[in-house]
Amino acid sequence: VQLVESGGGLVQAGGSLRLSCAASGFTFDDYAIGWFRQAPGKEREGVSCISSVDGTTYYADSVKGRFTISSDNAKNTVYLQMNNLKPEDTAVYYCAAQQPFYSDYTLCYYYGMTSWGKGTLVTVSS
């Protein structure tokens, strides 16, 4: 699976950005895909993921109500709409996929992800 992120950049606190992840090469119909982030000196964490099985979504507590994940199956692209950005959202954002993925699997589990993009930097200034 190939994952290519885009949409990162510099934004002021309170602003918005939309990240895109173009995916190709899935070998299973059932998969999970989403976003992780890694800030300097911190571990990579799951931000938001979505399951192709039933559309179930996961959001980290820190982004609930501000970020929205969506997918366009026709374009094989997943998006992360980020609103009301905060300086603590500053990080490299990675697109990741897990396949196969089944309904009893844990969504957005770091060690379960099987493919990673190279990341896109999001910087939120105060």
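Side-chain contact between S20 and K75 is absent, with no heavy-atom pair separated by less than 4.5 Å. The shortest distance between side-chain heavy atoms of W35 and M82 does not fall below 4.5 Å.
A donor-acceptor pair is defined here as one N or O able to donate and one able to accept, closer than 3.5 Å; such a pair exists between the side chain of E5 and the backbone of G119. Between the T123 side chain and the T90 main chain, no donor and acceptor come within less than 3.5 Å of each other.
In this structure, CG on L19 lies 9.0 Å from CD on Q81, to the nearest 0.5 angstrom. Considering SG of C21 and CG of L3, their distance stands at 4.5 Å, rounded to 0.5 Å. Residue R44 holds its CZ atom at 13.0 Å from CZ of R37, rounded to the nearest 0.5 Å. Between atom OG1 of residue T68 and atom CG of residue L80 there is a gap of 8.0 Å, rounded to the nearest 0.5 Å.
Residue pairs meeting the ring-ring contact (aromatic ring centres under 6.0 Å, His included) criterion with at least one member in residues 45-94: none, sequence neighbours excluded. Within the structure, disulfide bond (SG atoms under 2.5 Å apart) pairs that include any residue of residues 32-65 comprise C49-C108 (at least two apart or interchain).
Here the closest non-hydrogen pair linking S126 and A13 is CA-CB, 4.3 Å. Taking both residues in full, the closest heavy atoms of I50 and S71 are given as CD1-OG, 4.3 Å, listed atom of the first, atom of the second, then distance. Closest non-hydrogen pair, Q98 versus T114, comes out as CA-OG1, 3.5 Å.
Taking a 6.0 Å sphere around CG of D72, one finds it holds more than 12 heavy atoms contributed by other residues, nucleotides or ligands.
By the criterion of side-chain heavy atoms lying less than 4.5 angstrom apart, applied directly or through intervening Ile, Leu, Val, Met, Phe, Trp or Tyr residues, V1 is grouped together with V78 in one hydrophobic cluster. Follow the hydrophobic side-chain contacts under 4.5 Å out from Y105 and you never reach Y109; the two are in separate clusters. M113 and V63 are members of different hydrophobic clusters when ILVMFWY side chains are connected at heavy-atom separations under 4.5 Å. A single hydrophobic cluster is not seen to contain both I33 and L107; linkage of ILVMFWY side chains at heavy-atom distances under 4.5 Å, directly or through other members, places them apart.
Under 4.0 Å is where a charged nitrogen must lie from a carboxylate oxygen, and between K86 and D89 no such pair does.
The aromatic rings of Y110 and F36 sit perpendicular to each other, their planes meeting at more than 60°, with 30° as the lower class boundary.
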Verdict with supporting geometry, F101 and S52, side chain to side chain contact (heavy atoms under 4.5 Å, CB included):
CA-CA 8 Å; F101 183 83; S52 74; over 6 Å; no
